[in-house]
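Okay, so here's the structure we're looking at.
Values below: every heavy atom of this structure, side chains too, minus hydrogens, waters and symmetry copies. Chain identifiers are assigned alphabetically (A, B, ...) following the order of the sequence lines, protein sequences preceding nucleic acid strands; residue numbering begins at 1 within each chain.
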Amino acid sequence: MQSQFTKPKLLRTINNVLASSTPNPRAPEQNCLALLQACNALPKLTQIHTHILKLGLHNNPLVLTKFASISSLIHATDYAASFLFSAEADTRLYDAFLFNTLIRAYAQTGHSKDKALALYGIMLHDAILPNKFTYPFVLKACAGLEVLNLGQTVHGSVVKFGFDCDIHVQNTMVHMYSCCAGGINSARKVFDEMPKSDSVTWSAMIGGYARVGRSTEAVALFREMQMAEVCPDEITMVSMLSACTDLGALELGKWIEAYIERHEIHKPVEVSNALIDMFAKCGDISKALKLFRAMNEKTIVSWTSVIVGMAMHGRGQEATCLFEEMTSSGVAPDDVAFIGLLSACSHSGLVERGREYFGSMMKKYKLVPKIEHYGCMVDMYCRTGLVKEALEFVRNMPIEPNPVILRTLVSACRGHGEFKLGEKITKLLMKHEPLHESNYVLLSNIYAKTLSWEKKTKIREVMEVKGMKKVPGSTMIEIDNEIYEFVAGDKSHKQHKEIYEMVDEMGREMKKSGYRPSTSEVLLDINEEDKEDSLNRHSEKLAIAFGLLRTPPGTPIRIVKNLRVCSDCHSASKFISKIYDREIIMRDRNRFHHFKSGQCSCGDFW
DNA sequence: TTAGGGTTAG
C-alpha cells in the first residue's frame, strides 16, 4: 500500500474522482475499487465510504470486500466493520470471502480476536457457508483467546462442513487445542488421527508440548519426526530450543544448534533469539552473549533475552549496561524489557537503580507500569529485607495488588520475623483464593517457623480434605544425552544404592570441613537427627551425588531444580564444590548459582 | 482474491 500511495498518478486519480460531482456512471464499481486501491489512510477511507454510499454501492459484495481488506491493511478494521455491520446493512447478501477478510484481520490483531469469533457467529446466523479459508482464521482466534469450549464447537463445525481432511485446517486445529489449557491431549488426538502430516503439523505438536512444559514429550516427538522422515525446519528448531530451555538440557541444546548448522537450516532472527535464550537459561551465559554480539539484526526480543539471561546469572550490573546500550542504539524498550531490567535490579540488590528505572518508565519512555512491574519492585524491596518499604510501596500503588504480590510480601514477612502480619495477609488471600494451594503452604510454613505445630497440622488436614498437594521439589541432571529427574527420597533409580552411599560420604566429608546442617529450615515436627536425614535426601543432593558418580573428575556438574533451592542445599553445594573440586552450576526457579571453590556466584543473595 | 506451526516476562 505504501508504494502505491506514493505514486503521484494514483494520488491524482483519487483526488480527482473524489472532487468530481459526477463520477463515471458507467463504471461505479471499478471507480470505487480504484479509489480503494489508492487509499492508505483513515481520512481517505472515510471519503471513499461517503462515495460508496453516494453511488448506492453499499450492498455490492465486491466493493465491500475491497473496503474491508483495505481497511484492515491500514488498521481501520473497526471502521469497516461498523459500516459493514451497521443496523441498515443486509449481511445476508455477504459471502464467505467478505467475512473471511474481516475475520482474518481480527484474528491477527492482539486484542480483537473476540471480534473474529463474533463475526463467525454472525456468519453462521445468516446461514453463510464458511469455506476452507474461514477455519484457520477462526481457530487461530480460539487459540489466541484460549477458549477450549468454543474451539471444540468449531471443531464440530469443521467436521460437519467436511473440512476435516484439509491439512491446513487440521494443523491449526492441533495448534488451537495445544494453546488452550487442558487441550494438549486433544491436540495429540487430532495429531495422531491425521492421515498426512508435514513439518507444520509436527512443529505445532512439539511447540504445544514445549508450551505446557511437557518438554520430555516434545523431545521424544522430535525423535519420532526424524523416524517418520519429515524434515524439520527453522520453526521446529525454535520449538525444540524452547523445550531444551525448559528442561535446562544444555547438551541437547548444543546438539540442536549443531543440527541447524549441519542441515543448513535457515536462521531467521527468531532462531538466534531462541538460541540465546537457551544458552542463557541452560547455564552458558558467555555463549549466549557471544551469539548475541555476532547478530547482525537484533530485535527487542534479542536484547531482552540477553538482559534476562544476565539477570538470572546475578550479573545485574551488566544487565543494566546492556539496557543502556540498547536504548542508545535506538531500540525503544517495551514493557517486557522493563520486566527483565527490573528483575535484574531485584536479583542483584540494585535498589536505587531499580527505583530510577521504574520512574523512567513513565517519564522517559511513556510506558504505563503494569502489575508485573509493581511486582518486580515489591520483589526487589522484599529480597533486600526492606519489608517496610515494600508495604509502603504496595499501599501507594495505583492498582490493587494481585495475589502474587501479596504472596511475595508474606514470604518476606516470614523471613523477617513479621509473623503476625504474614498470617493476616495469608488469611486474606485464602478468602479470595480458597483453592490456591500455595496460600496454605505459606501459612503452614509460617506456623512451622513459629513452632505452632498444632495449627500447622490443621492446615495440612484442610489441604488434604480439599485434595491439594504441595508441588514436590525435583532436580534434573542431564548425562550422556539422558535426562534424569530426582525427587526427595527418590529410590526409583537403578543406581539408588550407590547414590545414597555417595550422599552419606558427601555428608561425612562436609562435616569434616565444617558444614553444619541447617535443620532450622526443616519445617517438620521431628527430632534433630531425623531433620538431618531429611535434608540429606533432598533432590538437589541426590542429583549432585549422581553427577559425582557418573561424570569425569574435574568436569562441571549442571543441575536444574524446579523450585527455589533450599538454604541447606545451597550451603552444602558450596562445600561439595570445594571438597570434590567440581564447579556446580545450579538453575533454580528464579536464577543460576555457580558454585566454585566453596563460593557461590549469588553471594548468598537470592 | 483469502490458509497452518516459532523467540523475550509473568
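- Contacts between residues 222-254 of chain A and DNA chain B, defined by a heavy-atom separation below 4.0 Å, involve A/Asp233, A/Glu234, A/Ile235, A/Thr236, A/Val238, A/Ser239, A/Ser242, listed by number.
- Atom-to-atom, CD of A/Glu372 to P of B/dT8 comes out at 15 Å; the value is rounded to the nearest Å.
- The side chain of A/Arg211 contributes an N or O atom lying less than 4.0 Å from OP1 or OP2 of B/dG6.
- Side-chain proximity of A/Ser203 to B/dT2, B/dG5, B/dT8: nearest is B/dG5.
- In the displayed structure, A/His75 atom NE2 is contacted under 6.0 Å by at most 12 heavy atoms of other residues, nucleotides or ligands.
- Closest to the side chain of A/Leu62, from the set B/dA9, B/dT1, B/dG5, is B/dT1.
- A 6.0 Å sphere centred on CD of A/Glu324 holds more than 12 heavy atoms belonging to other residues, nucleotides or ligands.
- Note on ring orientation: taking the six-membered ring where Trp is involved, the planes of A/Trp303 and A/Phe292 are perpendicular (angle over 60°, cut-offs 30° and 60°).
- Relative ring orientation between A/Phe83 and A/Phe67 is described as perpendicular, the plane-to-plane angle rising above 60° on a 0-90° scale split at 30° and 60°.
- Rounded to whole angstrom, the span from the CD1 atom of A/Ile371 across to the C1' atom of B/dG10 amounts to 11 Å.
- Rounded to whole angstrom, the span from the CZ atom of A/Phe338 across to the P atom of B/dA9 amounts to 17 Å.
- Within residues 274-285 of chain A, the residues having any heavy atom closer than 4.0 Å to DNA chain B are, in order of number, A/Asp277, A/Lys281.
- At the phosphate of B/dG6, OP1 or OP2 sits under 4.0 Å from a side-chain N or O atom of A/His175.
- More than 12 heavy atoms of other residues, nucleotides or ligands sit less than 6.0 Å from atom CE of A/Met397.
- A donor-acceptor contact closer than 3.5 angstrom is absent between the side chains of A/Tyr135 and A/Asn100.
- By the 6.0 Å contact criterion, CZ on A/Arg262 is enclosed, its count of non-hydrogen atoms from other residues, nucleotides or ligands being greater than 12.
- Ring-centre distance between A/Phe358 and A/Tyr374: below the 6.0 Å cut-off.
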